[in-house]
Amino acid sequence: NKARVGGTKTVHMDRVRDLQPELILANKEENLKDQVLQLADIAPVWVSDIHTLGDALHMISTIGKLSHRSIKAEDLCTQITLAFDEIPKPVTSISVLYLIWQEPWMAAAGDTFIHDMLQHLGLQNVLGAQHRYPELTDEALQRLQPDWVLLSSEPYPFKAQHVAAVQRLLPRAKISLVDGELFSWYGSRLLQAPAYFKKILKEYAR
């Protein structure tokens, strides 16, 4: 029921202006700088740049203050923090590769929010020393030899047939389909993430 104002890279300024917002929220990775500057002529813009759970909590707290909902925001931050603190860490080291795309293979590296989530699970990202979302050939993927490969539901919708394809390349690895929203959405969805993370860690241990 909300008004649509375009996509993250195609914001319709006239629609935003017609809505007469008092505050506009943008994101450094998702929104184009030129469009953010144009939006600033309509209303104050707050730009998030999220790489870690700490960044996400800071964002929630700040937006709480900007929207005069500080108490609710701080309560949400407390709930999220406590839930993440309760995630049990694996006893032994588990190396993991988190794939987000096929043709070419692309994976989450060390300066991403997904990487920080993997760390909170106690997992070792095999691409932790790289940046952003590197492309991988079949041969490069095989050289990584992760213990566990996570196939995200977004942005590429990995399915069961992709599990078989990756398994052929990495016959000794465990391959799992995972909910990408719970690894990469850094708002109130974080409340749901710890329970899901506990579940998949148990499934790996079986």
Side-chain angles (χ1 to χ4, degrees), residues 7-9 11 23-37 39-40 44-67 70 73-87 89-90 93-101 104-136 144 146 148-156 158 178-198 200-201:
T8 55
K9 306 290 190 291
V11 180
L23 174 67
I24 297 173
L25 304 178
N27 176 263
K28 183 176 179 180
E29 184 175 32
E30 295 293 341
N31 299 119
L32 300 175
K33 182 178 180 179
D34 288 347
Q35 292 190 335
V36 171
L37 293 174
L39 290 168
V45 179
W46 190 80
V47 182
S48 62
D49 185 20
I50 312 298
H51 297 277
T52 67
L53 178 61
D55 292 339
L57 295 173
H58 174 71
M59 176 199 71
I60 293 170
S61 177
T62 301
I63 293 176
K65 294 174 183 175
L66 293 172
S67 60
S70 288
E74 294 307 321
D75 181 59
L76 180 59
C77 288
T78 298
Q79 291 182 57
I80 292 170
T81 300
L82 291 174
F84 269 85
D85 287 345
E86 293 176 353
I87 299 174
K89 302 299 188 289
S93 177
I94 301 172
S95 62
V96 64
L97 175 67
Y98 188 103
L99 291 174
I100 64 163
W101 202 260
W105 302 113
M106 294 178 68
D111 56 351
T112 63
F113 185 75
I114 292 170
H115 171 79
D116 193 63
M117 290 295 99
L118 295 175
Q119 289 192 308
H120 280 283
L121 272 72
L123 303 175
Q124 307 303 312
N125 186 355
V126 293
L127 295 177
Q130 297 192 38
H131 301 287
R132 306 310 295 156
Y133 304 99
E135 296 182 5
L136 301 168
L144 292 171
W148 194 8
V149 180
L150 304 181
L151 303 182
S152 182
S153 61
E154 63 167 35
Y156 187 89
F158 283 107
V178 295
D179 188 337
E181 293 182 4
L182 295 174
F183 276 92
S184 58
W185 288 26
Y186 41 74
S188 59
R189 186 66 58 93
L190 286 169
L191 273 177
Q192 303 174 25
Y196 178 73
F197 293 158
K198 290 178 185 178
I200 63 173
L201 285 171

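All values below were derived from every heavy atom in this structure, side-chain atoms included, with hydrogens, water molecules and symmetry-related copies excluded. We count residues from 1, following the sequence as given. Predicted model, so just to flag it, every value in this text is computed and none were measured.
A 4.5 Å side-chain heavy-atom check between E29 and H51 finds every atom pair outside the cut-off. Under the 4.5 Å side-chain criterion, counting only non-hydrogen atoms from C-beta, S48 is in contact with N27. The shortest distance between side-chain heavy atoms of V178 and Y98 falls below 4.5 Å. E181 is not listed as a side-chain neighbour of Q192, based on a closest heavy-atom distance of 4.5 Å or more. A heavy-atom distance below 4.5 Å is found between the side chains of F183 and L118. A 4.5 Å side-chain heavy-atom check between L97 and L127 finds at least one atom pair inside the cut-off.
In this structure, a donor-acceptor pair under 3.5 Å is absent between the side chains of N31 and T8. The closest side-chain donor-acceptor pair between W185 and E154 falls under 3.5 angstrom. Judged purely by distance below 3.5 Å, without hydrogens or angles, the side chains of D116 and Y186 never pair a donor atom with an acceptor atom.
If you take CG on L82 and SG on C77, they are separated by 11.0 Å, rounding to the nearest 0.5 Å. Remark: I50 CD1 to L57 CG distance equals 9.5 Å, nearest 0.5 Å. Note that the CG atom of L201 and the CG atom of L123 stand 6.0 Å from one another [nearest 0.5 Å]. Remark: H120 NE2 to F197 CZ distance equals 9.5 Å, nearest 0.5 Å. Taken to the nearest 0.5 Å, the CZ atom of F113 stands 4.5 Å off from the CG atom of L190. Note that OG1 of T52 is 10.5 Å distant from NE2 of H115, once rounded to the nearest 0.5 Å.
At distances below 3.5 Å, not a single donor-acceptor pair connects side-chain atoms of Y196 with backbone N or O atoms of L182. In this structure, K89 contributes its side chain and L121 its backbone to no donor-acceptor pair below 3.5 Å. Looking at R132, its side chain does come within 3.5 Å of a backbone N or O of D111 through a donor-acceptor pair. No donor-acceptor distance shorter than 3.5 angstrom exists from the side chain of S95 to the backbone of W148, with no hydrogens or angles considered.
Here the closest non-hydrogen pair linking Y133 and A108 is CD2-CA, 3.8 Å. When all heavy atoms of G64 and A73 are compared, the closest pair comes out as CA-CB, 3.6 Å. Here the shortest heavy-atom pairing between T112 and A109 reads OG1-O, 2.9 Å. Residues E74 and S61 share a closest heavy-atom pair of OE2-OG, 2.5 Å. Residue S152 comes nearest to G180 through the heavy atom pair OG-CA, 3.2 Å, listed as atom of the first residue, atom of the second, then distance. In terms of heavy-atom proximity, D55 sits nearest to D49 at OD2-O, 3.9 Å.
Classification of the W46-H58 ring pair by plane angle, with boundaries at 30° and 60°, yields tilted. Ring planes of F158 and W105: parallel class, angle under 30° (limits at 30 and 60°).
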List the steps, then state whether side-chain contact (heavy atoms from CB on, under 4.5 Å) holds for L53 with I80. CA-CA 9 Å; L53 178 61; I80 292 170; 4.1 Å; yes
Q124 and Q119: side-chain contact (heavy atoms from CB on, under 4.5 Å), yes or no, with the steps? CA-CA 7 Å; Q124 307 303 312; Q119 289 192 308; over 6 Å; no
